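Here the structure is a predicted model, which is why all the values come from computation and not from measurement. Values reported hereafter were calculated over all heavy atoms of this structure, with side chains retained and with hydrogens, waters and symmetry mates removed. Letters go in sequence order (proteins before strands), and every chain restarts at 1.
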Number of protein chains: 2
Amino acid sequence: MHDPLRTLPGYGLRRASVAMMNRFSEMLRPLGIKYTESSILILIGSNPGIRQSDLTHMLDIQRANLTPIIAQMEGRNLIMRTRIDGRSWGLDLTETGKEMLDAVWKATLAHEADLIGRVPEACRPALLIGLNALWDEPEGSAEKA
Amino acid sequence: MHDPLRTLPGYGLRRASVAMMNRFSEMLRPLGIKYTESSILILIGSNPGIRQSDLTHMLDIQRANLTPIIAQMEGRNLIMRTRIDGRSWGLDLTETGKEMLDAVWKATLAHEADLIGRVPEACRPALLIGLNALWDEPEGSAEKA
DNA sequence: CTTGATTATTATCATATATAACAATATCAC
DNA sequence: GTGATATTGTTATATATGATAATAATCAAG
């Protein structure tokens with residue numbers, strides 16, 4: 001069975017990403033959290049008071065798709081919102097959220113270690129550089145401040 | 001704005017994959033075809049008479065999700081099905097499908113060139129090896145014949 | 001011939017992502 | 001200050017992707 005797709009780096013990139021995300025989702029499942037939510041926890045944890053719009057830029061997701069995620073995380077008492085001005089909310093972790101962040105970080109680091117472990121050592125530095133070259137500063141968006 | 005996610009290869013892998021697939025989808029849009037369909041065309045083109053179940057294995061997608069895709073591609077006169085036995089169908093490209101495959105290959109190669117072009121030359125070989133290490137022979141599935 | 005595995009289909013559900021319209025507010029030019 | 005414009009967040013909707021379960025038909029192994 002001949003498979004020309006296997007010669008294509010772009011195809012390999014997609015397959016690698018899907019395989020990786022499946023494994024990561026599996027590791028997060030016991031925590032009852034999804035990987036997008038885990039990213040949000042991490043960003044709020046390292047940027048207390050961050051606004052939703054900052055998250056949408058950093059994660060490159062749509063405002064409209066973030067709203068229900070934030071609402072649900074607030075409902076689960078993982079994050080709290082405080083008014084910054086008439087338009088925007090500042091996001092912070094609750095105590096529950098901080099505990100969840102600890103667990104999320106552990107799972108994330110375990111997952112990253114697993115991932116790196118699958119790559120021959122000699123390839124690792126170039127892999128990182130290559131991956132970042134493929135998405136960093138996407139399209140026309142000049143980095144905001 | 002501090003972003004710990006940027007230090008994570010796994011996160012970079014996902015972002016790279018998403019950015020890449022968005023660009024590829026854009027390149028395929030004029031052809032009126034989606035990237036999963038493009039992969040199917042390529043595999044049928046290089047394996048005339050291939051069965052749906054072979055496709056599901058090679059693409060690692062669910063039988064149930066392939067069925068409507070194949071039906072739609074048959075409806076668009078891109079592929080034709082002939083009975084192999086009482087259970088399975090053999091898939092082949094129609095003339096229209098072969099022309100589409102030509103266009104798809106051109107777009108695919110252009111996309112792959114664009115992708116590789118974004119990666120510093122010194123990193124390319126390691127990137128390919130690394131990516132394949134991350135998905136090749138996923139989990140428990142021993143390669144079928 | 002019976003049992004069990006394979007192939008394909010149908011239906012359903014969850015998730016991820018994209019777009020458009022809207023309300024409220026902030027910012028900027030004047 | 002006032003008016004035009006941009007930002008922020010929300011709601012509703014559409015599409016794409018992916019997973020699961022149940023069913024029917026058929027093949028393969030003993």
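Among residues two or more places apart in sequence or in another chain, the side chain to side chain donor-acceptor pair (under 3.5 Å) test is passed with B:E112 by none. With sequence neighbours excluded, the residues that form a side chain to side chain donor-acceptor pair (under 3.5 Å) with B:R29 are B:E26. Shown here are the salt bridge (charged side-chain N to carboxylate O under 4.0 Å, His left out) partners of A:D114, two or more places apart in sequence or in another chain: A:R23, A:R118. The side chain to side chain donor-acceptor pair (under 3.5 Å) search around B:S39 returns none, not counting sequence neighbours. Residues that satisfy the side chain to side chain contact (heavy atoms under 4.5 Å, CB included) test with A:S25, not counting sequence neighbours, are A:Y35. Residues forming a side chain to side chain donor-acceptor pair (under 3.5 Å) with A:E37 (at least two apart in sequence, or on another chain): A:R76. For B:E95, the salt bridge (charged side-chain N to carboxylate O under 4.0 Å, His left out) partners are B:K98, not counting sequence neighbours.
Taking atom CD1 of residue B:I33 and atom C1' of nucleotide D:dA16, one finds them 15 Å apart after rounding to whole Å. For the pair B:L66 CG and D:dA16 C1', the computed distance is 15 Å after rounding to whole Å. The distance between atom CE of B:M58 and atom P of C:dT7, rounded to the nearest whole Å, is 15 Å. With rounding to whole Å, A:R81 atom CZ is found 11 Å from D:dT8 atom C1'. Nucleotide D:dT17 holds its C1' atom 9 Å from the CD1 atom of B:I69, rounded to whole Å. One atom, CD1 of A:I79, and another, P of D:dG9, lie 12 Å apart when rounded to the nearest Å. The distance from atom CZ of B:R29 to atom P of D:dT15 is 13 Å, rounded to the nearest whole Å. Distance B:Q72 CD to D:dT17 C1': 14 Å, rounded to the nearest Å.
Residue pairs meeting the salt bridge (charged side-chain N to carboxylate O under 4.0 Å, His left out) criterion with at least one partner in residues 43-57 of chain B, sequence neighbours excluded, are B:R51-B:D54.
Heavy atoms from other residues, nucleotides or ligands lying under 6.0 Å from CE of A:M80 number 12 at most.
Using a 30° and 60° split on the angle between ring planes, A:H111 and A:F24 fall in the parallel class, below 30°.
Closest-nucleotide positions on DNA chain D for A:R14 and A:W89 were compared, and the one nearer the 5' end corresponds to A:W89.
Less than 4.0 Å separates DNA chain D from no heavy atom of any residue of residues 35-47 of chain A.
With axes fitted over five pairs at each extremity, the angle between the ends of the helix from C:dC1-D:dG30 to C:dC30-D:dG1 is 40° (10° resolution).
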Determine, for nucleotides 18-26 of chain C in 5'-to-3' order, which nucleotides have protein heavy atoms under 4.0 Å from the base (write B), from only the sugar-phosphate (write S), or from neither (write -).
BBB---BBS

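Contact between B:H2 and A:S46 at its shortest, heavy atoms only, is ND1-CB, 3.6 Å.
Taking side-chain N and O atoms only, A:Q52 has no distance below 4.0 Å to OP1 or OP2 of D:dT7. When the side-chain nitrogen and oxygen atoms of A:S88 are compared with OP1 and OP2 of D:dT8, none of them lie within a distance under 4.0 Å.
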Name the atoms and distances for all side-chain donor-acceptor pairs under 3.5 Å in residues 67-75 of chain A, with sequence neighbours left out.
residue : atom : partner : partner atom : Å
A:T67   : OG1  : A:R63   : O            : 3.4
A:E74   : OE1  : A:R81   : NE           : 3.4

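Minimum atom distance to the side chain of B:T67 is reached by C:dT9, of the listed D:dT8, C:dT7, C:dT9.
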